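Worksheet: one structure, shown below.
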Amino acid sequence: MKIKNCYGCGGCAAVCPSGAITLRGEVEIISEKCIKCGRCELLCPAGLITIKK
Ligand code: SF4
Ligand code: SF4
């Protein structure tokens with residue numbers, strides 16, 4: 001899942017405990033690695049991430 005309109009603060013990747021977020025120009029969440037902890041969703045200052053539980 002790619003995150004649109006991200007300004008690249010990197011916070012979501014820093015808090016992800018499973019290394020599921022890559023930051024290469026744009027943020028992408030690798031769903032196979034995501035454990036749905038919700039940390040990235042809580043942290044994103046722009047509210048860009050929605051994790052489907
Ligand atoms: S919800 Fe998924 S992508 Fe987000 S911080 Fe948790 S494991 Fe990482
Ligand atoms: S926390 Fe939000 S704005 Fe920051 S890199 Fe992640 S998706 Fe982009």
Side-chain angles (χ1 to χ4, degrees):
M1 175 176 83
K2 289 183 178 168
I3 306 300
K4 292 194 179 77
N5 303 319
C6 165
Y7 57 87
C9 71
C12 54
V15 296
C16 179
S18 64
I21 301 181
T22 60
L23 253 177
R24 280 188 219 99
E26 61 187 345
V27 165
E28 182 165 9
I29 297 179
I30 311 301
S31 52
E32 292 78 27
K33 288 188 179 178
C34 173
I35 58 170
K36 301 194 182 342
C37 69
R39 289 183 202 180
C40 58
E41 186 175 356
L42 283 174
L43 179 128
C44 179
L48 298 175
I49 303 177
T50 303
I51 299 295
K52 293 191 183 99
K53 297 248 164 69

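As the structure lists them, so they are numbered: ligands from 1, and atoms in each ligand from 1. Just so you know, these numbers come straight off a predicted model, no measurement behind them.
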Path from Leu23 to Met1 over hydrophobic side-chain contacts below 4.5 Å:
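Both belong to a single hydrophobic cluster.
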Heavy atoms, side chains only, cut-off 4.5 Å: are Val15 and Leu42 in contact?
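No; the side chains remain at least 4.5 Å from each other.
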Provide the number and element of each atom of ligand 2 under 4.0 Å from a heavy atom of [X].
{"X": "Cys6", "value": "3 (S), 5 (S), 7 (S), 8 (Fe)"}
{"X": "Ile49", "value": "7 (S)"}
{"X": "Cys12", "value": "1 (S), 5 (S), 6 (Fe), 7 (S)"}
{"X": "Val27", "value": "5 (S)"}

Answer yes or no for Cys44: is there an N/O/S atom below the 2.8 Å cut-off from atom 8 (Fe) of ligand 2?
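So Cys44 does not count as coordinating atom 8 (Fe) of ligand 2.
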Give the residue, atom name and distance (to 0.1 Å) of the protein heavy atom nearest [atom].
{"atom": "atom 6 (Fe) of ligand 1", "result": "Cys37 SG, 2.3 Å"}
{"atom": "atom 8 (Fe) of ligand 1", "result": "Cys16 SG, 2.3 Å"}
{"atom": "atom 4 (Fe) of ligand 2", "result": "Cys9 SG, 2.2 Å"}
{"atom": "atom 1 (S) of ligand 1", "result": "Gly38 N, 3.2 Å"}
{"atom": "atom 2 (Fe) of ligand 1", "result": "Cys34 SG, 2.3 Å"}
{"atom": "atom 5 (S) of ligand 2", "result": "Gly10 N, 3.2 Å"}

Between [atom1] on residue [X] and [atom2] on residue [Y], distance to nearest 0.5 Å:
{"X": "Arg39", "Y": "Ile21", "atom1": "CZ", "atom2": "CD1", "value": "11.0 Å"}
{"X": "Ile3", "Y": "Ile49", "atom1": "CD1", "atom2": "CD1", "value": "5.0 Å"}
{"X": "Thr50", "Y": "Glu41", "atom1": "OG1", "atom2": "CD", "value": "5.5 Å"}

[X] to [Y] - nearest heavy-atom pair and separation:
{"X": "Cys34", "Y": "Ile29", "answer": "CB-CG2, 4.3 Å"}
{"X": "Gly19", "Y": "Cys16", "answer": "N-SG, 3.5 Å"}
{"X": "Leu43", "Y": "Cys12", "answer": "CD2-N, 3.4 Å"}
{"X": "Ile35", "Y": "Pro17", "answer": "CD1-CG, 4.0 Å"}
{"X": "Asn5", "Y": "Leu48", "answer": "O-CD1, 3.6 Å"}

Quick one: does ligand 2 sit under 4.0 Å from the side chain of Ile21, the backbone, both or neither, non-hydrogen atoms only?
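No part of Ile21 is near ligand 2 at this cut-off.
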Could you tell me whether Lys36 approaches ligand 1 through its side chain, its backbone, both or neither, with non-hydrogen atoms closer than 4.0 Å?
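Near ligand 1, Lys36 shows its backbone, while the atoms from C-beta on stay back.
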Relative to ligand 1, is Ile35 under 4.0 angstrom through side chain, backbone, both or neither, heavy atoms considered?
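Both the backbone and the side chain of Ile35 come within reach of ligand 1.
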Tell me whether Cys40 has at least one N, O or S atom under 2.8 Å from atom 6 (Fe) of ligand 2.
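So Cys40 does not count as coordinating atom 6 (Fe) of ligand 2.
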Ala46 near ligand 2, heavy-atom distance under 4.0 Å?
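No, Ala46 has no heavy atom closer than 4.0 Å to ligand 2.
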Near Ile51, which atoms of ligand 1 are under 4.0 Å from a heavy atom of that residue?
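Going through ligand 1 atom by atom, the ones under 4.0 Å from Ile51 are 1 (S).
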For ligand 1, which atoms, with element, lie under 4.0 Å from some heavy atom of Ser18?
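Once the distances to Ser18 are compared, the set is 7 (S).
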Contact between ligand 1 and Ile29 is defined here as a heavy atom of the residue under 4.0 Å from a ligand atom; is it met?
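Flag set, Ile29 near ligand 1.
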